[in-house]
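Only heavy atoms go into these numbers, but all of them, side chains included; no hydrogens, no water, no symmetry mates. We're numbering straight along the sequence, starting at 1.
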Amino acid sequence: MKVYQTNEIKNISILGSSGSGKTTLAEAMLYEGGVIKRRGTVEAGNTVSDYFPVEKEYGYSVFSTVFSVEWQDRKLNFIDCPGSDDFIGGAVSALNVTDTALMVLNAQHGVEVGTLNQFRYTEQFHKPVIFVVNHLDNDKADYDGTVAQLKDQFGSKAVLIQYPISTGASFNAVVDVLKMKMYRWKPEGGVPDVLDIPAEEMDKAMELHKALVESAAENDDILMEKFFEEGTLSEDDMRAGIRAGLVTRSMFPVFCVCAGRDMCVRRTLEFLGNVVPCTDKMPRPVTTDGVEVTPDSNGPTSLFFFKTTVEQHIGQVSYFKVISGKVKEGDDLLNADRGSKERIAQLFSVAGQTRNAVTEMVAGDIGATVKLKDVRRGNTLNGKGCDYKFDFIKYPDPKYRRAIKPVNESDSEKMMEILNRMREEDPTWVIEQSKELKQTIVSGQGEFHLRTLKWRIENNDKLQIEYLEPKIPYRETITKASRADYRHKKQSGGAGQFGEVHLIVEPYYEGMPAPDTYRFGGQEYKISVRDTQIVDLDWGGKLVFINSIVGGAIDARFLPAILKGIMARMEQGPLTGSYARDVRIIVYDGKMHPVDSNEISFMLAGRNAFSTAFKEAGPKILEPVYDVEVSVPADYLGDVMSDLQGRRAIIMGMNSEKGFEKLLAKVPLKEMSNYSTSLSSITGGRASFTMKFAAYELVPSDVQDKLLKAYEATQTEE
């Protein structure tokens with residue numbers, strides 16, 4: 001492969017819902033570009049894109065796949081992305097390093113929730129979008145319905161470039177209103193016959209051609225003037241106008257394909273080669289220092305690594321985009337994130353697992369290398385004198401969590417090594433070793449996402465694991481003031497242990513006044529504040545510790561021990577063993593012994609006094625509550641709402657979004673355990689949701705009673 005320059009390189013993501021035919025389209029593009037001699041199929045498990053064992057097992061994409069096609073003296077780099085929401089990380093990574101999105105639609109289903117979810121990311125990253133309506137040969141294909149949905153969603157921005165003469169089994173021809181020609185294929189597809197538009201289609205074609213001309217003219221003042229003067233535009237002028245409209249996202253061209261029969265794929269490639277903007281015409285990436293970097297092949301060398309995979313017999317394969325300068329085989333570069341030096345021993349242009357060696361790549365190009373010592377996804381490698389660092393990929397929050405453990409406990413360390421390695425391949429897997437819950441928690445985008453993780457660990461790494469229901473990180477707090485004292489006394493022959501602590505506990509809130517006078521059991525306690533410590537707790541909330549000792553009842557040197565004992569109980573709350581928070585403690589009296597008092601005595605006295613007072617202070621359990629946003633087709637709204645209400649959800653609002661309803665709710669984390677599976681079941685996979693931590697809120701009394709009983713049942717006498 002020759003070395004392509006920045007103005008000859010185009011980077012394109014292939015997006016779309018599951019079942020839209022992205023992998024099949026990629027296969028047809030590779031075939032038309034001469035990269036492969038024969039097209040594989042998803043059913044046969046021999047496609048370029050889905051080459052990992054887990055993808056062959058499940059029959060659809062789990063990872064994004066990089067491939068390139070040489071077309072009309074251009075290099076078209078593609079990243080074929082998984083369609084399932086569970087594997088959205090691949091699409092997010094791809095959109096950050098490509099310049100245009102090819103959004104594939106299944107003509108049977110039209111605009112789906114997955115389409116809109118992925119479209120939102122193109123919006124977020126300001127990427128041009130081209131819609132490709134696929135599966136036009138299916139008996140249930142509804143091209144007009146799909147176009148109506150596009151118009152409903154995107155208005156006049158959705159502009160037809162082509163339309164089919166017919167759909168279903170008879171599909172074999174489209175009218176192209178940019179070229180003003182009809183393309184017709186033989187049953188085997190491939191190269192079409194280019195014909196004049198039939199007379200019976202001319203009125204429709206002219207109407208759409210006029211709409212396309214007007215839309216193209218609107219994107220350029222000079223073209224608009226020319227359009228007003230001449231009433232039309234040349235094909236080259238229209239291409240320039242469409243290109244400008246793509247860059248500003250004021251135009252979304254709509255194409256037709258039948259990827260399975262290789263119809264109109266060649267014409268789509270032609271459009272991509274001619275019209276889609278090259279990487280040098282797109283917005284510049286920005287470093288962590290706010291420096292905008294131009295993709296200049298003569299600039300300093302800088303590579304950004306956006307993806308890693310581990311492949312059998314090879315090890316780690318690292319995928320990068322050349323942000324600036326050029327990279328050659330044998331170059332020595334510095335890792336801006338880790339400080340290590342790396343040598344680029346080999347450079348590859350890739351097509352799935354096929355790697356073709358190249359000697360050089362320039363700014364804007366996408367490639368791969370192997371056997372790097374210390375490079376992770378998200379790292380930047382720079383040439384001499386360059387200090388760029390990039391961190392522009394932000395992944396969505398996880399939506400599904402499970403505790404994970406090996407069947408054989410002795411494999412725990414091996415399991416963690418595997419999990420950390422696999423997170424490099426898919427950053428939307430989040431791994432946490434929770435000290436609080438005493439569990440390893442793995443979180444992902446959905447039940448299928450985590451099922452895929454389990455399949456890979458058990459089949460690729462031969463390690464048996466199991467998932468458990470994760471514990472909920474409850475919090476404990478109090479609702480009123482209470483008082484307690486505790487004397488710790490122990491004699492065992494020699495020096496004994498003695499410490500007595502009297503304290504008051506009360507709920508803490510920001511800005512509360514200093515303590516003054518309290519009354520418990522008819523007795524008044526006047527407080528004189530000598531010292532205040534505010535502890536910001538690692539798990540949220542605060543502990544305020546006030547010294548109100550008078551007359552030297554407890555020596556000041558024992559106060560840190562009392563606080564240490566209280567903190568130990570805060571870390572393992574008296575009710576359920578969960579973290580406690582938002583408590584103010586006033587130590588106002590006590591006793592000590594001139595010989596037997598020591599730190600351990602006061603630590604134990606403080607801990608037990610606090611525990612007793614806490615249980616009498618109207619203790620309450622708090623649970624994590626999440627903001628949940630569900631996008632659902634209108635006809636499933638009632639079922640989804642009923643399901644949420646059964647999960648103790650509070651519906652905060654709803655609004656319509658062109659055929660879909662958006663439900664906003666606050667839902668306890670405990671009730672979200674299997675929500676992704678349930679939502680998919682209720683809506684046939686046509687809804688999606690996001691969730692984000694909102695706050696800790698009091699659990700209902702019946703739920704608290706169940707939690708207390710469950711905790712008591714697990715406790716044994718100390």
Side-chain angles (χ1 to χ4, degrees), residues 476-508 512 514-535 537 542-619 712 715-718:
E476 299 179 13
T477 193
I478 52 177
T479 58
K480 66 180 184 180
S482 75
R483 190 207 71 80
D485 54 70
Y486 188 89
R487 174 181 290 185
H488 174 75
K489 185 176 180 181
K490 186 177 181 184
Q491 287 296 137
S492 56
Q497 293 180 2
F498 182 90
E500 186 174 319
V501 172
H502 299 229
L503 53 74
I504 294 169
V505 301
E506 63 182 339
Y508 173 76
M512 70 187 296
D516 183 16
T517 304
Y518 297 87
R519 183 175 289 277
F520 299 104
Q523 187 174 346
E524 191 174 272
Y525 297 84
K526 191 155 182 68
I527 301 302
S528 176
V529 177
R530 296 169 62 84
D531 181 53
T532 301
Q533 289 184 59
I534 300 176
V535 181
L537 301 169
K542 285 184 168 63
L543 165 67
V544 178
F545 182 74
I546 292 177
N547 171 13
S548 182
I549 300 290
V550 291
I554 300 175
D555 198 301
R557 66 194 168 98
F558 293 130
L559 286 167
I562 295 172
L563 177 57
K564 187 176 180 182
I566 290 168
M567 278 298 295
R569 209 65 181 110
M570 292 282 285
E571 286 192 20
Q572 191 172 0
L575 300 183
T576 62
S578 306
Y579 288 142
R581 58 177 281 170
D582 299 325
V583 180
R584 183 159 78 175
I585 296 149
I586 303 146
V587 179
Y588 67 89
D589 200 3
K591 289 180 183 174
M592 58 183 181
H593 188 278
V595 176
D596 292 346
S597 286
N598 53 26
E599 289 187 354
I600 188 72
S601 302
F602 277 99
M603 187 180 83
L604 292 170
R607 186 182 77 175
N608 287 303
F610 170 71
S611 185
T612 301
F614 192 98
K615 288 177 180 177
E616 295 174 0
E712 284 168 14
Q715 299 305 294
T716 55
E717 291 293 326
E718 290 185 4

Next on the checklist: Between Lys591 and Phe498, does the side chain to side chain contact (heavy atoms under 4.5 Å, CB included) criterion hold? Intermediate values first, please.
Outcome noted: CA-CA 8 Å; Lys591 289 180 183 174; Phe498 182 90; 4.0 Å; yes
Next on the checklist: With side chain to side chain contact (heavy atoms under 4.5 Å, CB included) as the criterion, how do Leu537 and Tyr579 come out once you've worked through the C-alpha distance, each side chain's angles and the decisive distance to 0.1 Å?
Outcome noted: CA-CA 9 Å; Leu537 301 169; Tyr579 288 142; over 6 Å; no
Checklist entry - Would Ser611 and Arg607 count as a side chain to side chain contact (heavy atoms under 4.5 Å, CB included) if you check the C-alpha gap in whole Å, the side-chain angles of each, and the deciding distance to 0.1 Å? => result CA-CA 6 Å; Ser611 185; Arg607 186 182 77 175; 5.7 Å; no
Item to check | side chain to side chain contact (heavy atoms under 4.5 Å, CB included) assessment of Arg569 paired with Phe614 | outcome: CA-CA 10 Å; Arg569 209 65 181 110; Phe614 192 98; over 6 Å; no
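Atoms CG and OG, from Asp555 and Ser597 in turn, are 9.5 Å apart once rounded to the nearest 0.5 Å. For the atom pair CG (Leu559) and CD1 (Ile562), the distance works out to 5.0 Å, reported to the nearest 0.5 Å. Expressed to the nearest 0.5 Å, how far CZ of Phe520 lies from CD of Glu616 amounts to 10.0 Å. To the nearest 0.5 angstrom, Lys564 atom NZ is 10.5 Å from Leu604 atom CG. Here Asn547 contributes atom CG and Gln533 contributes atom CD; the two are 9.0 Å apart, rounded to the nearest 0.5 Å. A distance of 13.0 Å separates CE in Met603 from CE in Met567, rounded to the nearest 0.5 Å.
Counting heavy atoms from C-beta outward, Ile600 and His488 have side chains that stay 4.5 Å or more apart. With contacts defined as side-chain heavy-atom distances shorter than 4.5 Å, the pair Leu543/Leu563 qualifies. Inter-residue side-chain proximity for Glu476 and Pro619 is flagged as unmet; no heavy-atom pair is nearer than 4.5 Å. Taking 4.5 Å as the limit, some side-chain heavy atom of Lys526 sits within range of a side-chain heavy atom of Asp516. Side-chain contact between Pro515 and Arg584 is present, with heavy atoms from C-beta onward closer than 4.5 Å.
Using cut-offs of 30° and 60° for the angle between ring planes, the Tyr525 and Tyr588 rings count as perpendicular.
At distances below 3.5 Å, at least one donor-acceptor pair connects side-chain atoms of Thr612 with backbone N or O atoms of Asn608. In terms of modelled atom types and a separation under 3.5 Å, the side chain of Ser548 and the main chain of Ile527 share no donor-acceptor contact. Here the side chain of Thr532 pairs no donor or acceptor atom with the backbone of Ile546 at under 3.5 angstrom.
Around atom CD of Gln497, more than 12 heavy atoms belonging to other residues, nucleotides or ligands sit under 6.0 Å away.
Residues Ala553 and Asp589 come closest through the heavy atom pair CB-OD1, 3.4 Å. The two residues Ala609 and Ala484 have their closest heavy-atom pair at O-CB, 3.5 Å. Scanning all heavy atoms of the two residues, the minimum distance from Ser482 to Ala613 falls at OG-O, 2.5 Å. Heavy-atom minimum distance, Phe558 versus Glu599: CE2-N, 3.9 Å.
Side-chain contact, Glu524 with Thr517: no donor N or O sits under 3.5 Å from an acceptor N or O.
We find that Asp485 and Arg483 are joined by a salt bridge, their nearest charged nitrogen and carboxylate oxygen being less than 4.0 Å apart.
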